[in-house]
Asker: 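Sharing a structure below in C-alpha cells format, with a few things to ask.
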Amino acid sequence: MKGLYSAVLASAIVGAFAAPSPVEQGPVTARAAMAACATPVTLSGNPFASRSIYANKEYSKEVIAAAASMTDSAMAAQASKVAQVGTFLWIDTRARISVIEDNLKDVPCDQLAAFVIYDLPGRDCAAKASNGELAAGDLTTYKSEYIDPIVTIFKKYPNTAIALVIEPDSLPNLVTNSDKQACKDSASGYRDGVAYALKQLNLPNIAMYIDAGHGGWLGWNDNLKPGAKELAAAYKAAGSPKQVRGISTNVAGWNAWDLSPGEFSKATDAQWNKCQNEKIYVETFGPLLKDAGMPGQAIIDTGRNAVTGLRKEWGDWCNVNGAGFGVRPTSTTGSTYADAFVWVKPGGESDGTSDTSATRYDSYCGKDDAFKPAPEAGQWNQAYFEALIKNAKPAF
Ligand code: BGC
C-alpha cells in the first residue's frame with residue numbers, strides 16, 4: 001500500500017515539474033481527458049438525460065469484497081456487474097465527508113457524481129434505526145461542520161456534474177409525524193437545516209432533489225397538499241434556488257413504479273390514497289409542488305423494488321425479506337415528471353439492526369416481513385445482498 005502510494009506520488013511530481021517522456025504522456029493525457037469536463041458545468045433541465053451516474057468507489061469496494069467472498073462463481077460474476085452500477089453515496093456523518101473528493105476527482109464528463117446529504121440534527125425522528133450523530137437543535141454544527149465543508153469541496157470541482165438527494169425522510173416526517181416528541185424537537189432544525197443546505201449547495205454544476213417520501217407516505221389524499229406546502233416552504237426559505245430540480249421518492253423504499261392495480265390497492269384504507277404506485281405519486285405530487293411554487297421533477301429509487309407482495313403493511317420499511325434489485329438507473333422513464341430511475345439506497349447495506357438489545361433497534365426491523373439477522377443501518381449484510389441478486393429484475 002505504502003509502495004503504491006509513493007509510486008503514484010513520484011509520478012505526480014514528475015508530471016508537475018518535468019516535461020513528460022513520451023511513455024508517460026499517453027496515460028497522463030488519457031487520465032486528464034477522463035476526469036471532469038474541459039469547462040465549468042452548468043446544469044439545467046434533466047441532468048440525467050445526457051449523463052450516467054458514476055459508480056462510486058465506496059459501493060464498488062463493498063460489492064467487490066462481497067463477490068470475493070462468494071463460493072458460487074456464477075453469483076460472484078453477477079455481483080461484479082452490480083459493482084458497475086452507478087449509485088448514490090451517503091454522506092451520513094461529518095467523518096464521511098472525507099470520501100467525497102476521492103469520488104469526485106475521476107468522474108468523466110459524461111457522468112455525474114451522486115451523493116445523499118443526510119446528517120440533520122435529530123435525524124430520523126420517527127424511527128430509531130438511523131438516529132444520527134447530531135442532537136436535535138444542533139443546527140450550528142450541521143451548518144459549520146457538515147454543510148459548509150461539503151460546499152467547500154464541491155466548489156473545487158466546477159467541471160464535474162453532481163446530483164444530490166437532500167435529507168431523506170426529514171420533511172415528510174414533519175408532515176405526518178409531528179405528534180411525536182422527537183419530531184417536534186427536530187422540526188425547526190429540519191426546516192432551517194434543509195433550507196440552509198439548499199441555499200449553500202446551489203452551485204451551477206449541482207442538481208438537487210428534496211426528499212418527498214413515497215406514495216404510501218405523502219401520497220395519502222390528506223397528506224398531498226400539506227406535503228407540497230412543507231417542501232415548497234423549505235425551497236422558498238432558501239431563496240428559491242435555481243438548482244433545485246424537484247424531489248426524490250421511494251428512497252430506500254420498495255414501491256413499484258407503475259404496477260396496476262397498486263400493491264396495496266385492496267387494503268381497506270386504499271380509498272384514501274389515490275397514489276397507489278410511484279408513477280401516480282410523482283405525477284400527482286409534481287403539479288401540486290408547482291402550485292405551491294417549486295419545481296416538481298422527480299427521481300425515483302428503483303434499487304430494491306423488483307419484487308412486490310412482500311410487505312404485510314405499506315409502511316414496513318426495514319430490510320424487507322425477499323426483495324430484489326430493480327430497474328437499473330436510467331433517464332428513460334416514460335413520464336415527463338420523472339427525470340430518472342436511480343439507485344439511492346446501496347443494496348446490501350442494512351436499513352437497521354434486528355438486535356433487540358441495540359440502542360438503535362427499531363421494532364420494524366423485528367417484524368415478520370423483515371430479514372433477520374440484520375446489522376446496524378448502513379452496515380453490510382452479505383446474505384441480504386445475495387438475495388437481492390437472486391431476486392433481481394431484470395436479472396444480472
Ligand atoms: C443509514 C445510513 C446509511 C444509509 C445507506 C441509512 O439508513 O442510516 O447510515 O449510510 O442508510 O445505507
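When a ligand or atom number is given, it counts from 1 through the structure's own listing order. The chain is numbered in sequence order, starting from 1.
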Asker: Quick check on contacts: which atoms of ligand 1 are under 4.0 angstrom from a heavy atom of Gly378?
Answerer: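 Taking each heavy atom of Gly378 in turn, ligand 1 has 3 (C), 12 (O) under 4.0 Å.
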Asker: Measure the distance from atom 1 (C) of ligand 1 to every protein heavy atom, then report the residue, atom name and distance (to 0.1 Å) of the closest one.
Answerer: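 Its nearest protein heavy-atom neighbour is Ser130 OG, 3.5 Å.
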Asker: Just which atoms of ligand 1 are under 4.0 Å from any heavy atom in Tyr118?
Answerer: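 Matching atoms, with element in brackets: 8 (O).
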Asker: When you measure from atom 11 (O) of ligand 1 to each heavy atom in Lys345, Glu376, Glu349, which option holds the nearest one?
Answerer: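 Checking each option, the heavy atom nearest atom 11 (O) of ligand 1 is found in Lys345.
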Asker: Do the side chains of Lys57 and Asp106 get close enough for a salt bridge, i.e. N-O under 4.0 angstrom?
Answerer: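 Answer for the salt bridge query: yes.
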Asker: Hey, do the aromatic rings of Phe325 and Trp343 have their centres closer than 6.0 Å?
Answerer: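 Centroid distance Phe325-Trp343: below 6.0 Å, so yes.
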Asker: Should Arg191 and Glu230 count as an ion pair when the cut-off is N to O under 4.0 Å?
Answerer: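 Yes, charged N to carboxylate O under 4.0 Å.
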Asker: What's the shortest distance from atom 2 (C) of ligand 1 to any protein heavy atom, and which residue and atom give it?
Answerer: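 Ranking protein heavy atoms by distance from atom 2 (C) of ligand 1, first comes Asp92 OD2, 3.4 Å.
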Asker: Can Lys390 and Asp72 be counted as an ion pair, charged N to O under 4.0 angstrom?
Answerer: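 Looking at Lys390 and Asp72, the cut-off is not met.
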Asker: Can you name the atoms of ligand 1, numbered from 1 with element, that are less than 4.0 Å from a heavy atom of Pro346?
Answerer: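 Those of ligand 1 that fall under 4.0 Å from Pro346 are 5 (C), 12 (O).
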Asker: Taking NZ in Lys225 as the centre, count heavy atoms belonging to other residues, nucleotides or ligands within less than 6.0 Å. Is the count above 12?
Answerer: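 No, not enclosed.
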